[in-house]
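Data block below; observations after.
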Amino acid sequence: MRSILITGGNGGLGLGIGRYFLDHEEDAKVWLGVRANRGNAEALAAEFPGRCVLVDLEVTSRESWETAVATIVETDGGIDVLVNNAGLHRDHLLAAMPDEAWSSVISTNLDAVFLGSRAVIRPMMTRRFGRIINIASLSAILPPLGQTNYAAAKAGVVALTQTLAKEVARAGITVNALLPGYIQTEALSHMDDEAAKRAKAGIPMRRFGSPAEVAVAVRFLACQDAGYVTGSALKIDGGIF
Ligand code: NDP
């Protein structure tokens, strides 16, 4: 069995990535990292008994990472794939940005990728195989107004990805980032119909992407044969950039 940990496993993209692995890879075992909300993840786990499991994971906590990774390594004998997917945004113009909006976005989107990557590197090195896939955002390279915090965090994730890729290249571990544009999940629920219409008008494909359209890229980067792809940052944005 391939052991795959996906953070933010109760959210739209985390669930979509988990389902994609479960549907397309018979020997995939998916660990969905969850914290407070877990209903969606439980429903997916019920569909795939024994192959989809929940694990408590607060991504901003070193202790939580250590416990979760130890549980997975003890149970499965190692960890093959980490998808750093948990994230949030708190948009404000910088002049009016509350400290908490800055720090929570940096810690959830950037610090967590550091903590998670560090937690899995040793078990991956032991087996001389690993795939780390970081869900950044198109905002890393094409930031909209109001996202200084989110754009800085996601650009940091891309830089972390490129640097770590070099550090672990000889250990059989690849590290890559994905830069999704608009993907239809709860994260877009703040948009009313008018805002969604305006956003779609700026997308050459004139539609939002689906979680499965990100998941297919995650699965490609996670596969054994993609071992020469590392340090990359792949846009999935319907042609915006
Ligand atoms: P959702 O809001 O649907 O899901 C986000 C998930 O992250 C939730 O499961 C949430 O858990 C979890 N999470 C947030 N903070 C923490 C934390 N401190 N510890 C553990 N889990 C946490 O968003 P998406 O699925 O759309 O987003 C997934 C990723 O994709 C994010 O990194 C986002 O930035 C990125 N992205 C999304 C885009 C989109 O258009 N949807 C575009 C570009 C990038 P809980 O439910 O418990 O809060």
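From a predicted model like this one, the values you see are computed outputs, not experimental measurements. Atoms within a ligand are numbered from 1 in the order they appear, just like the ligands themselves.
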Would you say the side chain of L178 lies within less than 4.5 Å of the side chain of I133, judging by non-hydrogen atoms? yes

Going by heavy atoms in the side chains, are D237 and L179 under 4.5 Å from each other? no

Report the nearest protein non-hydrogen atom to atom 38 (C) of ligand 1: residue, atom name, distance rounded to 0.1 Å. G181 O, 3.9 Å

What I'd like to find out is whether the side chain of E213 reaches to under 4.5 Å of the side chain of I183, using heavy atoms alone. no

G12 versus ligand 1: do any nitrogen or oxygen atoms come within less than 3.5 Å of each other? yes

Looking at ligand 1, does T7 have a heavy atom less than 4.0 Å from it? no

One finds that the ligand 1 atoms under 4.0 Å from a non-hydrogen atom of L57 are 19 (N), 20 (C)

With a heavy-atom distance limit of 4.0 Å, tell me whether T108 approaches ligand 1 through its side chain, its backbone, both, or neither. side chain

I'd like to check L145 versus Q147 (side-chain heavy atoms, cut-off strictly below 4.5 Å). Are they in contact? no

List the closest protein heavy-atom neighbour of atom 12 (C) of ligand 1: residue, atom name, distance to the nearest 0.1 Å. G8 CA, 3.7 Å

Give me the nearest non-hydrogen protein atom to atom 43 (C) of ligand 1 as residue plus atom name, then the distance to 0.1 Å. P180 O, 3.3 Å

I'd like to check the salt bridge (Lys or Arg N to Asp or Glu O under 4.0 Å) partners of E47; sequence neighbours left out, ordered by chain and number. R19

Determine, for E26 against R2, whether the closest basic-nitrogen to carboxylate-oxygen distance falls under 4.0 angstrom. no

For K154, state whether at least one heavy atom is located under 4.0 Å from any atom of ligand 1. yes

Is the shortest side-chain N to carboxylate O distance from D80 to R131 below 4.0 Å? no

Suppose I only count heavy atoms of Y150 and a 4.0 Å limit; which atoms of ligand 1 are within that range? 33 (C), 34 (O), 35 (C), 36 (N), 43 (C), 44 (C)

When you compare ligand 1 with I183, is there at least one nitrogen or oxygen pair between them that comes in under 3.5 angstrom? yes

Option with minimal heavy-atom separation from atom 31 (C) of ligand 1, where the choices are N85, L179, I135: N85

With a 4.0 Å cut-off on heavy atoms, does A112 reach ligand 1? no

Under the ring pair (Phe, Tyr, Trp, His ring centres under 6.0 Å) test, which residues partner H24, sequence neighbours left out? Y20

Run the numbers for me: atoms of ligand 1, each under 4.0 Å from some heavy atom of N10, listed by number. 9 (O)

For ligand 1 and E58, I'd like to know whether there is a polar contact (N/O to N/O, distance under 3.5 Å). yes

Considering only heavy atoms, does A136 approach ligand 1 within less than 4.0 Å through its side chain, its backbone, both, or neither? backbone

Protein contact to atom 23 (O) of ligand 1 [nearest heavy atom, distance to 0.1 Å]: A187 CB, 3.6 Å

Counting non-hydrogen protein atoms only, what is the nearest one to atom 25 (O) of ligand 1? Give residue, atom name and distance. L13 N, 2.8 Å

Can a protein heavy atom be found under 4.0 Å away from atom 10 (C) of ligand 1? no

What protein heavy atom sits nearest atom 46 (O) of ligand 1, and how far off is it? N37 ND2, 3.1 Å

Under 4.0 angstrom from ligand 1, any heavy atom of G209? no

Between M124 and I132, does a side chain to side chain contact (heavy atoms under 4.5 Å, CB included) hold up when you go through it step by step? CA-CA 10 Å; M124 285 181 174; I132 299 175; 4.0 Å; yes

Do the numbers put K200 on top of the ring of F208, so that NZ or CZ is under 6.0 Å from the six-membered ring centre and no more than 45° off the axis? yes

Going through the checks in order, is the side chain to side chain contact (heavy atoms under 4.5 Å, CB included) test met by V30 and F48? CA-CA 9 Å; V30 170; F48 294 92; over 6 Å; no

Side chain to side chain contact (heavy atoms under 4.5 Å, CB included) evaluation trace for W65 with T7: CA-CA 10 Å; W65 271 107; T7 69; 3.4 Å; yes

